[in-house]
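For reference, the structure discussed in these notes is given below.
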Amino acid sequence: SDGRIVCALNAPRLGETYPLIACFKADGALDRTFGSEGVIPGAGVVESLRVSTAGTILVAGSFESWAGTPAWGVVELSTSGQRLARAFPRLDLPSVTSVLDLPDGRWLLAGRFTRVNSSPAFRLARLKSDLSWDSSFDASSNFISYQLVNTLALDPQGRVLAGGAQFSSEGGITNPIPFGLVRLLENGAADPAFRRSQEAVYSIHLEPDGTWITGFPFRRWSPNGELLKAFPFGLNYVNVGTTDHRSARLPDGRWIHPIRVGALSRDRLPRWRPDGSFDEHFWDRFATNRAPIQITAVSAVPDGSVLVGV
């Protein structure tokens with residue numbers, strides 16, 4: 001709400017220490033009051049940044065330490081970038097793709113892990129408010145062994161939606177099926193009143209009318225999981241079959257997502273209208289024939305402008 005921008009940074013070399021997170025002021029200058037002179041160094045990969053209901057920063061990813069102390073794929077930071085003393089439990093695989101704080105003080109973790117401390121928790125785990133494992137929650141029946149959950153969200157009734165697109169071991173899998181989009185019951189089982197989709201889902205956005213937008217590619221779903229509209233591409237491009245997190249919803253309800261065009265590594269940034277139609281009047285290219293650019297992230301700014309990471 002203060003206009004600052006917190007972003008995860010790409011690793012130059014895996015296994016080495018480098019800036020994992022940086023914070024910028026609204027004018028683009030590095031905010032040197034955040035972390036250590038504006039950055040937080042570490043060794044690992046950040047997969048998700050989320051602002052908690054308390055206004056703290058939840059960081060999920062693949063890492064075993066944070067600021068010199070042990071960590072298991074998830075940490076909570078203050079708005080100044082300092083690690084808070086919330087002791088998330090040890091995971092057998094310290095790799096978390098998404099973390100969600102629930103309204104009643106409990107926590108939901110998604111990732112590549114299969115155990116929380118010594119307790120079984122396949123890919124999804126719920127923690128009590130004291131961060132101990134919640135044995136009343138078991139979502140393992142929702143998974144094929146290679147599936148992963150990439151994103152978590154709450155509907156207006158406080159029910160959990162889980163979406164997944166990636167796989168834990170693609171090498172030996174033929175035509176793998178994504179986790180898709182599932183609404184969970186209190187005990188972790190799939191809600192039979194919600195029509196499960198097995199389209200790849202990397203992001204979930206709740207719209208004001210109660211429908212859901214998932215991406216990418218963008219699709220609109222009813223509150224009970226019926227597919228209402230698949231957004232058209234409006235053009236031909238190389239990565240039609242891919243899905244990733246680089247989607248952003250603009251304040252006016254329109255959507256943007258970078259796409260790869262042609263044989264060269266050239267990204268463009270198209271836009272879709274709120275009704276899902278392709279906006280042919282917006283077609284921005286971030287590359288020239290001599291200097292192709294790859295867009296790594298996009299984010300909408302409250303004033304309607306778009307922040308693009310390359």
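These figures come from a predicted structure and were not determined experimentally.
Under a 3.5 Å cut-off, the side chain of S65 and the backbone N or O of T69 do not form any donor-acceptor pair. With hydrogens and angles ignored, the 3.5 Å screen pairs a side-chain donor or acceptor of R4 with a backbone N or O of T79. At distances below 3.5 Å, at least one donor-acceptor pair connects side-chain atoms of N142 with backbone N or O atoms of G188.
More than 12 heavy atoms of other residues, nucleotides or ligands sit less than 6.0 Å from atom CZ of R115. Annotation: R249, atom CZ; neighbour count of heavy atoms from other residues, nucleotides and ligands within 6.0 Å is above 12.
The cationic group of R273 does not satisfy the cation-pi geometry with F231, failing either the under 6.0 Å distance to the six-membered ring centre or the 45° limit from the ring axis.
Checking F113, Y146, F143, F179 one by one against F122, the ring-ring contact (aromatic ring centres under 6.0 Å, His included) holds for a single residue, F143.
Residues W72 and D92 fail the side-chain proximity criterion, which asks for heavy atoms closer than 4.5 Å. L206 has its side chain within reach of W212: a pair of non-hydrogen atoms, C-beta onward, lies under 4.5 Å apart. Side-chain contact check for L77 versus I40: some heavy-atom pair is nearer than 4.5 Å. Side-chain contact between I21 and L49 is present, with heavy atoms from C-beta onward closer than 4.5 Å.
Salt bridge absent: E186 and R159 never bring a charged side-chain N and a carboxylate O closer than 4.0 Å. A salt bridge is defined here as a Lys NZ or Arg NE, NH1 or NH2 lying under 4.0 Å from an Asp or Glu carboxylate O, and E199 with R219 meets this definition. Using a 4.0 Å cut-off between charged nitrogen and carboxylate oxygen, R196 and E226 do not count as a salt-bridge pair. The pair E76-R50 fails the salt-bridge criterion, with no side-chain N (NZ, NE, NH1 or NH2) lying under 4.0 Å from an Asp/Glu carboxylate O. Salt bridge D130/K128: absent, no basic N to carboxylate O contact under 4.0 Å. A salt bridge links R126 with D134: at least one charged nitrogen is closer than 4.0 Å to a carboxylate oxygen.
Using a 3.5 Å distance cut-off with no hydrogens or angles, the side chains of N117 and S119 do not pair a donor with an acceptor. No donor-acceptor contact under 3.5 angstrom links the side chains of T97 and N150, judged on distance only. S222 and N224 form no side-chain donor-acceptor contact under 3.5 Å, judged by distance and modelled atom types alone.
Across all non-hydrogen atoms, the minimal contact from L131 to F88 is CD1-N, 3.7 Å. Residue P178 comes nearest to Q198 through the heavy atom pair CD-O, 3.5 Å, listed as atom of the first residue, atom of the second, then distance. When all heavy atoms are compared, the tightest approach of A60 to V99 is CB-CG1, 4.2 Å. In terms of heavy-atom proximity, T214 sits nearest to W221 at OG1-NE1, 2.9 Å. Of all heavy-atom pairs between A121 and W133, the closest is CB-NE1, 4.1 Å. The minimum heavy-atom distance between V149 and A162, with the atom names listed, is CG1-CB, 4.1 Å.
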Checklist line | Candidate pair V59 and V74, rule side chain to side chain contact (heavy atoms under 4.5 Å, CB included), full reasoning | finding: CA-CA 6 Å; V59 183; V74 58; over 6 Å; no
Criterion side chain to side chain contact (heavy atoms under 4.5 Å, CB included) on F218 and K229, from CA distance to verdict:
CA-CA 9 Å; F218 294 124; K229 186 178 182 64; over 6 Å; no
Assess the residue pair V6 and F24 against the criterion (side chain to side chain contact (heavy atoms under 4.5 Å, CB included)); give the C-alpha distance rounded to whole Å, side-chain angles, the decisive distance to 0.1 Å, and a yes or no. CA-CA 6 Å; V6 178; F24 298 90; over 6 Å; no
Decide salt bridge (charged side-chain N to carboxylate O under 4.0 Å, His left out) for K25 and D27; before the verdict, give the C-alpha distance in whole Å, the side-chain angles of both, and the deciding distance to 0.1 Å.
CA-CA 5 Å; K25 299 177 183 179; D27 63 1; over 6 Å; no
- Message: For a side chain to side chain contact (heavy atoms under 4.5 Å, CB included) check, start with the C-alpha distance between L91 and V96, then their side-chain angles and the critical distance, and finish with the verdict.
- Response: CA-CA 9 Å; L91 307 175; V96 177; 3.5 Å; yes
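One finds the CH2 atom of W272 at 14.0 Å from the CZ atom of R220 (value rounded to the nearest 0.5 Å). Here the straight-line distance linking atom CG of L184 with atom CZ of F137 works out to 5.0 Å at 0.5 Å rounding. Atom-to-atom distance recorded for I256:CD1 and S299:OG is 8.5 Å, nearest 0.5 angstrom. In this structure, the separation between CZ on R183 and CZ on R195 is 12.5 Å, given to the nearest 0.5 Å. Note that CG of D101 is 11.5 Å distant from CG of L127, once rounded to the nearest 0.5 Å. Atom CZ of residue R86 and atom CG of residue L84 lie 7.5 Å apart, to the nearest 0.5 angstrom.
Here F34 pairs with nothing under the ring-ring contact (aromatic ring centres under 6.0 Å, His included) rule; sequence neighbours left out. With sequence neighbours excluded, no residue forms a salt bridge (Lys or Arg N to Asp or Glu O under 4.0 Å) with E64.
Taking the six-membered ring where the residue is Trp, F216 and H257 present parallel rings, their angle staying beneath 30° rather than reaching 60°.
By the rule that hydrophobic residues join a cluster once side-chain heavy atoms approach within less than 4.5 Å of another member, L161 and V201 end up as members of one cluster. Criterion: ILVMFWY side-chain heavy atoms under 4.5 Å apart, direct or through other members. Under it, L102 and L109 are not part of a common hydrophobic cluster. Under the 4.5 Å side-chain heavy-atom criterion for Ile, Leu, Val, Met, Phe, Trp and Tyr, L152 and L154 are members of the same hydrophobic cluster.
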